[in-house]
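Quick caveat: nothing in here was measured; it's all calculated off a predicted structure.
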Amino acid sequence: MSNDQRFIVEMGMGNDLYGLDYTKAAKRAIEDALRHSSIPLFEATGLSHDIMRVQVTVGVQDPDAVDCAALISELPRGRATVQAVKGGLNVTNPNTGNIIVIASAAVEAF
């Protein structure tokens with residue numbers, strides 16, 4: 001158990017309409033979550049963003065298909081980890097068989 005204090009939680013949703021690309025859907029879910037947040041704490045206190053720990057959990061139907069290392073490089077600040085878990089949703093078009101991948105993401109900052 002860490003002594004870190006969580007000070008922000010943001011949720012997001014992203015999808016890949018045609019490529020069955022779980023990493024792309026997860027990236028979009030993380031971007032969606034980040035667009036909802038602003039953290040003035042560091043600017044107000046003069047603290048470095050490097051002390052912030054960012055923990056991302058992404059839910060998709062095939063967690064093994066997510067490139068978590070590629071997603072870490074997309075996060076703009078802090079010491080980040082990304083974990084893919086079973087979740088999200090696959091929606092199949094009954095006429096074409098095309099699968100839409102829907103990912104959900106929780107971005108937590110400590």
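The salt bridge (Lys or Arg N to Asp or Glu O under 4.0 Å) analysis of residues 55-65, with sequence neighbours excluded, yields no pairs. Listed by first and then second residue, the salt bridge (Lys or Arg N to Asp or Glu O under 4.0 Å) pairs that reach into residues 86-97 come to none, sequence neighbours excluded. For residues 98-110, the pairs satisfying salt bridge (Lys or Arg N to Asp or Glu O under 4.0 Å) are Arg6-Glu108, with sequence neighbours left out.
Under the 4.5 Å side-chain criterion, counting only non-hydrogen atoms from C-beta, Val101 is not in contact with Asp21. Ile8 is listed as a side-chain neighbour of Glu10, based on a closest heavy-atom distance under 4.5 Å. No side-chain heavy atom of Met52 sits under 4.5 Å from any side-chain heavy atom of Arg79.
Under the rule for a side chain to side chain contact (heavy atoms under 4.5 Å, CB included), the partners of Thr96 that lie at least two apart in sequence or sit in another chain are Asn93, Asn98. In this view, Asp16 and Lys24 satisfy the salt bridge (Lys or Arg N to Asp or Glu O under 4.0 Å) rule, not counting sequence neighbours. By the side-chain hydrogen bond (donor to acceptor under 3.5 Å, both in side chains) test, Asp32 pairs with His36, sequence neighbours left out.
Hydrophobic clustering, with ILVMFWY side chains joined whenever heavy atoms are under 4.5 angstrom apart, keeps Ile102 apart from Val107. Cluster membership for Val66 and Leu75, using ILVMFWY side-chain heavy atoms within less than 4.5 angstrom, is shared. Note: the hydrophobic cluster containing Tyr18 also contains Met13 (ILVMFWY, side chain heavy atoms under 4.5 Å, direct or indirect links). Val91 and Leu17 fall within the same hydrophobic cluster, defined by Ile, Leu, Val, Met, Phe, Trp and Tyr side-chain heavy atoms under 4.5 Å apart, directly or through other members.
Taken from CD1 in Ile72 to OG1 in Thr81, the straight-line distance is 6.5 Å, to the nearest 0.5 Å. Atoms CZ and CG, from Arg53 and Asp4 in turn, are 4.5 Å apart once rounded to the nearest 0.5 Å.
Counting all heavy atoms, side chain and backbone alike, Val85 lies closest to Pro63 at C-CG, 3.3 Å. Taking all atoms of both residues into account, the shortest heavy-atom contact from Arg28 to Asn15 is NH1-O, 2.9 Å. Residues Tyr22 and Gln61 share a closest heavy-atom pair of CE2-N, 4.0 Å. For Ser104 against Ala29, the heavy-atom pair with the smallest separation is C-CB, 4.1 Å.
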Please report the C-alpha distance between Thr23 and Leu71 in whole Å, then the side-chain angles of each, then the deciding distance to 0.1 Å, and finally whether the side chain to side chain contact (heavy atoms under 4.5 Å, CB included) criterion is met. CA-CA 8 Å; Thr23 301; Leu71 296 174; 4.1 Å; yes

Full working for side chain to side chain contact (heavy atoms under 4.5 Å, CB included) between Gln55 and Phe110: CA-CA 8 Å; Gln55 178 178 304; Phe110 298 81; 3.9 Å; yes

Could you go through Ile30 and Val58, starting from their C-alpha distance and side-chain angles, then the distance that decides it, and tell me whether this counts as side chain to side chain contact (heavy atoms under 4.5 Å, CB included)? CA-CA 8 Å; Ile30 292 168; Val58 178; 4.0 Å; yes

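Judged by distance alone, the side chain of Thr92 and the main-chain N or O of Ile99 form no donor-acceptor pair under 3.5 Å.
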